[in-house]
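Notes follow the structure.
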Amino acid sequence: MDTREQLLALTDELRRRKAAGARTVTVADETLARLRASVRTQLAPASPPSPAAEVFEAPRPVVPPPPAAAAPRAAAPALPPPPALAL
């Protein structure tokens, strides 16, 4: 069983226990140390990465600056007084 299959089995078991109501899981320190060592050996590069293997970063989009604040508008012309009505 390769590491991927082991991890899938582990996550399935953890999901099963969670569904059964388990709130915690005890894991021995030795087990964690072996897991870390296994991951470390699989992630260690066999040879230095080639320049072609470098991650390509997309250019950042050019965002135009926000428009300058508009000049304050002149006050609206005052309305003429209402007409006088006599009843």
Side-chain angles (χ1 to χ4, degrees):
M1 185 181 266
D2 69 343
T3 304
R4 177 172 162 50
E5 291 171 342
Q6 291 174 352
L7 290 174
L8 289 173
L10 175 64
T11 55
D12 288 343
E13 176 63 16
L14 291 173
R15 285 188 184 108
R16 186 191 65 75
R17 288 186 181 200
K18 184 178 180 181
R23 296 182 60 111
T24 60
V25 176
T26 304
V27 180
D29 290 337
E30 178 184 325
T31 304
L32 289 175
R34 287 192 320 210
L35 177 62
R36 288 183 180 119
S38 173
V39 169
R40 203 174 306 121
T41 58
Q42 290 190 7
L43 293 180
S47 61
S50 65
E54 292 181 12
V55 176
F56 172 75
E57 288 190 33
R60 295 182 182 252
V62 177
V63 179
R73 293 184 183 179
L79 296 175
L85 296 174
L87 296 176

Exercise. Does any N or O in the side chain of Ser38 come within less than 3.5 Å of the main-chain N or O of Arg34, such that one atom is a donor and the other an acceptor?
Worked result: no
Problem set entry | OG1 on Thr31 to CG on Leu35, rounded to 0.5 Å | 9.0 Å
Problem set entry | Straight-line distance of Arg40 CZ to Arg36 CZ, nearest 0.5 Å | 8.5 Å
For this session: Please say whether more than 12 non-hydrogen atoms of neighbouring residues, nucleotides or ligands are located less than 6.0 Å from CG in Asp12.
Result: yes
Exercise. From Leu8 CG over to Glu13 CD, what is the distance, rounded to the nearest 0.5 angstrom?
Worked result: 13.5 Å
